[in-house]
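What follows is a single structure, written as structure tokens, with notes after it.
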Amino acid sequence: MTRYLVTSALPYANGPIHFGHVIGAYLPADVYVRTLRMQGEEALYVCGADEHGVAITIGAERDGIAYPEYVARWRTEIKRTFDRLGLEFDVWSGTSISPFHAELSQDFFRRIDRNGFLVQRETEQLYCTTDRMFLADRYVTGTCPSCGFESARGDECPRCAKWLNPLDFADPRCKVCGTTPERRRTTHWYLDLPKVRDEFLGSWIANHEWKPNVGAFIANQMKEIEPRPITRDMSWGVPLPADTAGDITGKVLYVWFDAPIGYVSFTREWAESKGEPEAWKRWWQDSQTRLVHFIGKDNIPFHCVVFPAMLHATKAGYVLPWQVPANEFYNLQGRKFSTSGGWTIPLDEFFAKFDAQATRFYLLASAPETKDSEFNWKDFQACNNAQLADAIGNLVTRVLKFVDKHYAGHIPACAPEHEAELDRVLLTECGAFGDPAESIRAFRFRRAAEQLIENARVANVFVDRSAPWSLQKTDPARAASVLATCAEWIGYVARWMAPFMPEKAQAIWAMLGQSGSVTARGWPAPPVAGQWRLGLAGSKLGAVAGLFPKIDDATVAAEIAALEERAKQVAAG
RNA sequence: GGCGGUGUAGCUCAGUGGUUAGAGCAGUGGCUUCAUAAGCCACGUGUCGGGGGUUCAAGUCCCUCCACCGCUACCA
């Protein structure tokens, strides 16, 4: 049977994550997995921190703490944010602590080497003797040989936009410490991407169905693909396999090589924790697996080209990505999120004031699926107030409080003589409703959010048309049937909501007097007249209370002012 | 420079070459009172960024120009 192996881009353990990361790669994956499971599919959701690389060593040294301590801090901090948002991974680990990671990364390297997809090259690079490391282009600054701009970056001149090679600087300086680096020769292993392309990857990519914003982009990249270095001169990382390295020391696998292998090693870690050490193979080396990578657009070349090339080059039977639902970028109030620039939302403060479940819904409803989008405070308020509080929250309270008052807190039964007619009115005359799962499976989360609201509105129309408060006086039996029908529909709404807002869905389920988990009831089949009711009649309601507190204008104005103030203070230094 | 994306109603956005281009929000008017002053109904002539072209037919395909954004692969 088909099974779904879902991954979210491994967050880099070098700083806090913001809502842009959350909606780009994590929240959609969580909703996807929850939906699949409610539909009875087998799914595994894997994530963890990416913890190697030079940016981390620089950060740790700046903070004066050991590398492992540094990455542990961010691994924990990032996970805390995920926990607050209700993101549930089956395994959460880190590339520097996962017990299988180093061994498996070396295994990848060895297999790829043995299969003839690695080449060695000697190059000359700038080396900073103060920081004791080779400098990436961006870590070098100097005078542009083209236009004379004195603070050109090693990769590109900000003034004349010319591509640069830092070796061409007459006066190179290390961006970290300001001293002059020296030239050194060094040998590295390169992944022979053109060879993988010609043997397999080119035709695989051409014949694979990609999300529209992914396909054209990577097809074009295949033409200019070049070998990529996969080793690096530093100490923090996975050491080269000793049998390959020989007498060469001081090299580790480059972070972008070992990071995606984390998906596999974390799966092994999960299997081990389940007491089935071999179970990971069922997920990674079985053609029934559908591998889905949720990422931001900056990761497209990596997950659609490089990682598949690595998987193929091992010739170890690994599955390749089935879908890569990459999102575009998510901004904040018209500008890019910038932690260092103060243009961000401090999450501790945010979650002290605002509901994490409502935030999940808003992020999904505004997700950057086809183009960049943004978190906008006024939109957030409108979404919470008009869609969640008014359309869904009020539907629940208006119906259940009515039931509470007139039926002694028990959901009435729908009289058999009313059922066919009420089904017809509800299902065909009160507006269109759709199945959010269809949209979710197509990675259209904004559309699914709309459908959720539309579905709730169907019941609001039904209540208005039926006017049970009048029937109560003229035809009490019919009033009871109407309320019974509304309660049943709310049960559907709760299940449709469950992947988006699991806690709120559960709260509705409890208000309906149902025990157990709402997700245990599974995903609802599209309601069909005569057979859609769950049979809630007779249930004793739980305590009925408002689900979504409203956010007032003053609160929003204060948040916008605080955001601008933060940015201003950072700009002033 | 190269590549990619975006440009549709006041705002945020949907729109698989084919009837008079849609939704939500905001706005206006009416109805209702069960409910978190919530709900329902009605009301949208917008050079679909500009200009060419293909087609019986283009927001939808092609070319070009303009604007904005991103990427450019040793910042992982």
Side-chain angles (χ1 to χ4, degrees), chain A residues 9-10 12 14 50 52-56 58 123 125-126 134-140 153-156 160-163 166 175 188 193 212-218 220-221 223-226 228-229 232-233 237 254-260 297-302 305-306 328-329 331 336 365-366 369-374 376 378-379 381-383 385-391 393-406 430-431 444 446-447 449-450 453-454 457 459-472 479 482-483 486 544-550:
Chain A
L10 304 187
Y12 200 48
N14 190 40
D50 172 11
H52 294 137
V54 70
I56 279 170
I58 290 173
T123 57
Q125 293 184 9
L126 293 174
F134 283 91
L135 299 174
D137 292 355
R138 272 283 289 274
Y139 285 105
V140 181
R153 294 191 328 212
D155 54 347
E156 188 184 64
C160 68
K162 180 140 180 122
W163 276 29
K175 215 163 186 176
H188 284 294
L193 287 168
N213 64 334
V214 173
F217 186 67
I218 57 173
N220 184 62
Q221 294 215 322
K223 298 176 205 147
E224 302 173 14
I225 204 162
E226 283 180 32
R228 283 179 69 143
R232 178 101 183 170
D233 294 289
Y254 204 40
V255 60
W256 65 252
F257 183 83
D258 87 75
K297 68 175 167 186
D298 51 330
N299 260 322
I300 289 172
F302 205 81
V305 177
V306 181
E328 302 293 302
F329 283 156
N331 297 315
K336 285 171 78 165
S366 61
E369 282 170 8
T370 57
K371 59 181 167 186
D372 291 1
S373 61
E374 66 174 34
N376 177 288
K378 287 186 176 172
D379 276 354
Q381 177 196 25
C383 175
N385 293 1
Q387 302 204 285
L388 297 180
D390 293 349
N394 182 60
L395 168 68
V396 174
T397 47
R398 76 188 295 204
V399 170
L400 298 190
K401 284 192 177 178
F402 196 100
V403 169
D404 212 17
K405 195 193 291 183
H406 295 283
C430 292
R444 297 189 54 182
R446 297 174 72 117
R447 177 66 191 133
E450 279 177 25
I453 301 301
E454 285 168 3
R457 288 203 160 118
N460 273 328
V461 174
F462 180 76
V463 172
D464 266 57
R465 282 177 161 235
S466 311
W469 48 91
S470 301
L471 289 175
Q472 195 63 29
V482 165
L483 268 302
C486 290
V544 176
L547 283 167
F548 298 100
K550 293 221 178 178

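Order of the sequence lines fixes the chain letters, A, B, ..., with proteins taken first and strands second; residue numbering starts at 1 for each chain. From a predicted model like this one, the values you see are computed outputs, not experimental measurements.
Of the C1' atoms belonging to G15(B) and A9(B), the separation is 14 Å, rounded to the nearest Å. When the P atom is used for both G59(B) and G52(B), the distance is 14 Å, rounded to whole Å. On the P atoms, U16(B) is 41 Å away from C31(B), given to the nearest whole Å. Rounded to the nearest Å, the gap between the C1' atom of G10(B) and that of G44(B) is 11 Å. With P as the reference atom, C41(B) and A23(B) are 12 Å apart, rounded to whole Å. Distance noted for atom P between C43(B) and G70(B): 42 Å (whole Å). Spacing between A21(B) and G4(B) at atom P, rounded to whole Å, works out to 32 Å. Comparing the same atom, P, in C68(B) and in A73(B) gives a spacing of 23 Å after rounding to whole Å.
Summarising the base pairing, G59(B) is matched to no nucleotide, lacking a Watson-Crick or G-U wobble pair whose two defining distances lie under 3.5 Å. Pairing of G46(B), defined by two Watson-Crick or G-U wobble distances under 3.5 Å, is not identified with any nucleotide. Remark: C31(B) base-pairs with G39(B). Criterion, Watson-Crick or G-U wobble with two distances under 3.5 Å. Nucleotide C71(B) has G2(B) as its partner under the Watson-Crick or G-U criteria, with both atom distances under 3.5 Å. In this entry G10(B) has C25(B) as its Watson-Crick or G-U wobble partner, both defining distances falling under 3.5 Å. Checking A76(B) for Watson-Crick or G-U wobble geometry (two distances, each under 3.5 Å) identifies no partner in any strand. If you check U54(B) for Watson-Crick or wobble pairing at under 3.5 angstrom, you find it has no partner at all.
A ring-centre distance under 6.0 Å is found for Phe302(A) and Trp256(A).
Within 6.0 Å of NZ in Lys550(A) there are more than 12 heavy atoms belonging to other residues, nucleotides or ligands.
Looking at residues two or more places apart in sequence or on another chain, you find a side chain to side chain donor-acceptor pair (under 3.5 Å) between Asp258(A) and His52(A), His101(A).
Between Ser373(A) and Glu328(A) there is no side-chain heavy-atom pair separated by less than 4.5 Å. Taking the side chain as every heavy atom from C-beta outward, Asp233(A) and His188(A) approach each other to under 4.5 Å. Residues Tyr254(A) and Pro229(A) form no side-chain contact, since every pair of their non-hydrogen atoms from C-beta on lies 4.5 Å or further apart. Looking at Arg232(A) and Val54(A), their side chains come closer than 4.5 Å, going by heavy atoms from C-beta outward.
Between the P atom of A76(B) and the NE2 atom of His188(A) lies a distance of 15 Å, rounded to the nearest Å. Summarising the geometry, the separation between CG on Asp298(A) and P on G4(B) is reported as 19 Å, rounded to the nearest angstrom. Following rounding to the nearest Å, Lys297(A) (NZ) and C71(B) (P) show an atom-to-atom distance of 7 Å. Straight-line distance from the CD1 atom of Ile225(A) to the P atom of C3(B): 18 Å, rounded to whole Å.
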Item to check | Reading 5' to 3' through nucleotides 33-41 of chain B, protein heavy-atom contacts under 4.0 Å coded B for base, S for sugar-phosphate only, - for none | outcome: SBBB-SBS-
Just the table, please: protein N/O against nucleotides 12-14 of chain B N/O, every pair under 3.5 Å.
residue	atom	partner	partner atom	Å
A14(B)	OP1	Thr370(A)	OG1	2.4

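Under 4.0 angstrom from either OP1 or OP2 of A73(B) there lies no side-chain N or O belonging to Tyr254(A).
Note that Lys297(A) lies in the cation-pi zone of Phe329(A), set by a 6.0 Å cut-off to the ring centre and a 45° limit from the axis.
Each of Val305(A) and Gln387(A) lies near RNA chain B, and the nucleotide nearest Gln387(A) is the one positioned closer to the 5' end.
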Checklist entry - Yes or no on side-chain contact (heavy atoms from CB on, under 4.5 Å) for Ile56(A) and Tyr12(A), after CA distance, side-chain angles and deciding distance? => result CA-CA 9 Å; Ile56(A) 279 170; Tyr12(A) 200 48; 3.7 Å; yes
